[in-house]
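Since the model is a prediction, treat every value here as computed from it, not as a measurement. Remember, it's 1-based here, ligands and their atoms both numbered in the order they're listed.
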Amino acid sequence: MTVRTLNGGVIAAYRDRLSIPPDVEAIHINEGNTPLVHLPAVSDRKRNIDVYAKCEGLNPTGSFKDRGMTVALSIASHNGSKAVICASTGNTSASAAAYAARAGIQAFVVIPAGKISVGKLAQAMMHGAKVVQIGGNFDDAMDIVKRMPEEAEVTLVNSVNPFRLQGQKTAAFEVVDQLGCAPDYHFLPVGNAGNISAYWMGYVEYGDAGIVGAKPRMVGCQAARAAPFLVGAPIEEPETIATAIRIGNPQSWNLANTAVIESNGWFRSSDDEKILTAQKLLAERCGVFCEPASAVSIAGFCDEIEKGNIQDNSVVVCTLTGHGLKDPEIAISQSPEPITIPKGGEGLRDLILSSLD
Ligand code: F0G
């Protein structure tokens, strides 16, 4: 039987550009092909600076991790692996759980207790992962899971697994395919630092293939109290409301540094207040709902344009790494309470009229 799909996932779309054995069967959930949405409320018309959001929250499990997980799980399955493991601030665990379910492989996820958002936890549980929590943070969890492949028959699917980056680099291919060129600047959140490394790999490969001429300046955006790249060294106790990027010891340190240096880009950071303001701006003025960690890219752009660090006539892409529904608690805590009226509807008319005054 032929299964018809309009979008067969990132392996089908870009197989010839992925370093994977040719006979690997794709374990996929139609990830990728996410929208690149113009953001008029963030763009600057006078200076002709156009800003687009690469909406990675529209992947099957609601984050960019799916691009990497389809490749990691396809390879794990191809190699006969019976179990996969990851440390996670939430999204990796959700994605690993879903793709493992699809592959018929058991997922083990190690998370910092109480520090991952409820939506992500629900996903990992629902997809049948064994959820293991520790009293420490993501970096502690990472140290634990890295040891496991030596101690048990389990495949590590964090982004230190090179197949993850193979999948994630397809986001850069898509940006170019959608825009028709590379952007001038690419802002994205940085936590464990795999994604910025993967994007840069994608842009470089499209450059080497002659598909793009100029490549973007990569701007790695961190949360102020979880910003090891700004400090220049790992930090012990990272803290931020953007729990997805609450990471002090990024595993892809060298690759991410290289991406920023080679692209003539830079790292920068925003405090939690600016992150939440950017999240709200996107939701209220652009109709786009992303999770706090994703908004750090918009917060970063808004700050850099204000400082005059973005050239006129530029095209900017900000990656929104995860969907806002991942973290409803943060969203609700930032918003006014619902207004209660009697069940007959009394008072609604006056409310509407007074709001429109
Ligand atoms: N944005 C979101 C929503 C994330 O979940 C992550 C990482 C990042 C940005 C940073 O990407 O690690 O490649 O630099 N989340 C991981 C996780 C760590 O476990 O879900 P990175």
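- By the criterion of a heavy-atom distance under 4.0 Å, neither the backbone nor the side chain of L188 is placed next to ligand 1.
- For ligand 1, the polar-atom distance check finds no N/O of E291 at less than 3.5 Å from any of the ligand's N/O atoms.
- If you check which protein heavy atom lies closest to atom 4 (C) of ligand 1, you get A244 CB, 3.6 Å.
- The shortest N/O to N/O separation between G194 and ligand 1 falls below 3.5 Å.
- Under a 4.0 Å heavy-atom criterion, S159 is not in contact with ligand 1.
- Looking only at protein heavy atoms, the nearest one to atom 2 (C) of ligand 1 is T321 OG1, 3.3 Å.
- Closest protein heavy atom to atom 8 (C) of ligand 1: I245 CG2, 3.6 Å.
- Close N/O approach between A193 and ligand 1 is found [any backbone or side-chain N/O within under 3.5 Å].
- For the pair I247 and ligand 1, a heavy-atom separation below 4.0 Å is found.
- Note: an N/O pair closer than 3.5 Å links N195 and ligand 1 by distance alone.
- Under 4.0 Å from ligand 1, the heavy atoms of K65 that appear belong solely to its side chain.
- A donor-acceptor pair under 3.5 Å is absent between the side-chain atoms of Q123 and the main chain of S95, judged by distance alone.
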